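Source: prediction; values computed, not measured. Whatever order the structure lists them in is the order used to number ligands and atoms, beginning at 1.
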Amino acid sequence: MSELLTSSTVDQYRSLIAQTSSRVAARFAETAKPASGASRADLQRLVDAVDLAGSGVGGSSAIEEIDELFLAHAVWFHHPAYAAHLNCPVALPAVAAESVLAAVNTSVDTYDQSTVGTLMERRLIEVAAGWVGFAAGDGVFTSGGTQSNMHALFLAREAAVAQLDEPRSIALSRMVVFATASSHFSVGKSALLLGLADDAVIEVADDGDGRMLPTALDAAIAAATAEGRVPMAVVATGGTTDRGVIDPIARIAEVCDAHGVWLHVDAAYGCGLLVSQRRRHLLTGIDRARSVTVDFHKSFFQPVSSSALLVREPRDLAAGAWHADYLNPLENDEPNQVDKSLQTTRRFDALKLWVSLRAIGPDRIGEMFDTVIDLAAEVGDVVDDDPEFELIGRSQLSTVLFRVRPDGASPAEQDALVAGVRRVLFESGRALVAKTVIDGRPCLKLTLLNPETTLDDVRAILAMVKDAASTLASIDDELELVGADA
Ligand SMILES: *Cc1c(COP(=O)(O)O)cnc(C)c1O
């Protein structure tokens with residue numbers, strides 16, 4: 001007997017995959033709530049009870065066990081009452097492709113480990129660069145937007161270092177990056193990992209709704225330069241994580257060109273607009289960026305992980321090349337993607353997008369993203385029209401930010417309800433919403449990424465939010481009465 005997938009275990013492979021897919025199918029068919037609502041203590045007990053040191057129980061039993069342990073308590077992003085974070089239901093063909101790439105276990109670091117896989121990834125990079133408008137661009141698949149952003153800022157750092165005639169340590173201490181307060185936290189984290197100074201990320205003023213003000217950027221770059229700092233990069237966000245707003249990319253590109261600064265566009269969330277027939281214009285100017293982050297595992301409905309960093313100038317990627325005799329001998333002219341990546345062994349995630357584009361087509365994917373954006377606009381109207389809710393801003397993408405405003409509740413009471421409502425819903429498992437902070441005040445957030453979710457589905461979530469809020473408010477009143485008695 002073999003435990004491995006080889007030519008002698010194809011029958012076991014077939015039956016294990018069949019058993020597994022019918023378990024998963026049954027769960028999808030049955031799931032009545034986005035989460036089980038089991039307490040963390042209960043889940044910890046279930047996890048701790050599994051013997052991971054004994055002899056194996058066999059594939060079939062182990063899968064049966066994770067049916068009860070994992071699938072029974074998983075968080076289901078396809079469920080219409082899941083509206084918390086930037087997680088999507090996944091394109092069906094991509095799930096099939098995922099099982100192919102896991103079985104074959106291709107690694108796309110070198111050509112000799114992947115051959116046609118490397119050529120397929122390169123073709124997709126060309127296609128994605130074409131969507132951006134990079135005539136002769138390049139890029140590489142990554143594990144996610146966080147890695148793509150760090151990689152982009154690494155390339156920007158190296159380009160800036162190359163222009164300075166001074167020791168690297170001094171150059172790094174002078175470098176600055178410009179972004180708004182709404183930019184993704186991975187920008188600040190990257191600055192830390194890239195060895196920049198603690199004050200290296202300069203916050204550029206926004207228009208009050210989270211969009212960068214190009215005039216403020218211009219002034220900030222001039223001021224930093226006057227202080228002897230080196231403008232290393234500007235990060236414009238093509239869809240902010242909370243507000244879902246898009247920086248004015250074309251005008252920011254003009255400022256960057258005028259100052260000769262690297263423009264990175266973080267379109268981790270908004271990249272689906274690249275294939276939208278109706279909203280591509282929201283990313284106008286993105287072709288003037290030097291680098292772009294796209295997260296296919298957000299608005300292209302791909303299973304995690306599926307993301308890419310795209311660059312306008314292929315030579316920019318060379319900053320990350322590193323020679324290793326065993327991988328990329330100098331006499332070898334094979335297309336080794338390891339020369340472009342921060343990773344070595346790397347999943348063939350590109351296969352999922354490839355199969356999705358073939359099966360569904362880019363236009364339909366763009367329509368699916370448009371559908372959730374339309375839905376978010378409708379939900380925004382519903383929330384805005386309801387006196388018990390306060391809508392906070394308008395998203396250009398698919399988030400809805402709001403607070404519950406029960407009759408007579410003070411701002412402090414409204415703020416306190418945010419965490420409480422989220423927790424009550426989370427503990428019930430019936431609906432999952434997120435919370436965040438906007439302009440210093442907490443608020444609830446719906447992130448809508450399921451094109452099959454209807455307005456009525458979201459109305460049902462909003463009704464649960466109200467119920468949770470009134471339960472919490474009445475508990476609060478009782479506590480106050482008890483307090484007054486005492
Ligand atoms: C989600 C997100 C990221 C991070 O992407 P991961 O794939 O989660 O690493 C970066 N930027 C923005 C704007 C995002 O919304």
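- Taking the six-membered ring for Trp and the full ring otherwise, Phe296 and Phe141 have centroids separated by under 6.0 Å.
- With respect to the salt-bridge test (charged N to carboxylate O, under 4.0 angstrom), the residues Lys466 and Asp386 qualify.
- Remark: distances from the non-hydrogen atoms of Gly239 to ligand 1 include one below 4.0 Å.
- Every atom of ligand 1 is numbered from 1 in the order shown, and the set under 4.0 Å from a heavy atom of Thr241 is 12 (C), 13 (C), 14 (C), 15 (O).
- Taking NE2 from His85 and CG from Leu446, the interatomic distance works out to 11.5 Å, rounded to the nearest 0.5 Å.
- Checking Ser305, Ser306, Ser143 one by one against Arg347, the side-chain contact (heavy atoms from CB on, under 4.5 Å) holds for a single residue, Ser305.
- Atom OG in Ser173 sits 7.5 Å away from atom CZ in Arg229 (nearest 0.5 Å).
- Contact atoms of ligand 1 toward Ala268: 2 (C), 3 (C), 10 (C), 11 (N), 12 (C), 14 (C) (distance under 4.0 Å to a heavy atom of the residue).
- Between Asp381 and Arg394 there is a salt bridge, since a side-chain N of the basic residue sits under 4.0 Å from a carboxylate O of the acidic one.
- Side-chain atoms of Thr240 and Ile246, non-hydrogen and from C-beta on, never get closer than 4.5 Å to each other.
- Close approach of ligand 1 to Leu86 is summarised as follows: ligand atoms under 4.0 Å from at least one heavy atom of the residue are 15 (O).
- Taking a cut-off of under 4.0 Å to the non-hydrogen atoms of His297, the atoms of ligand 1 that pass are 7 (O).
- Residue Gln147 places no heavy atom under 4.0 Å from ligand 1.
- Of all protein heavy atoms, the one closest to atom 12 (C) of ligand 1 is Asp266 OD2, 3.4 Å.
- The residue Thr293 has no part lying near ligand 1, judged by heavy-atom distances below 4.0 Å.
- With respect to atom 6 (P) of ligand 1, the closest heavy atom belonging to the protein is Gly145 N, 3.3 Å.
- Of all the heavy atoms of Thr146, the ones lying under 4.0 Å from any atom of ligand 1 are found in both the backbone and the side chain.
- Residue contacts with ligand 1 for Asn149 involve side-chain atoms from C-beta outward but no N, CA, C or O (heavy atoms, distance under 4.0 Å).
- A distance of 6.0 Å or more separates the ring centres of Phe154 and Trp262.
- Given atom 3 (C) of ligand 1, the protein heavy atom at minimum distance is Lys298 NZ, 3.2 Å.
- Taking distance alone, with nitrogen or oxygen atoms compared against 3.5 Å, Asp295 approaches ligand 1 more closely than that limit.
- We find the CZ-CZ distance between Arg157 and Arg168 to be 5.0 Å, quoted to the nearest 0.5 Å.
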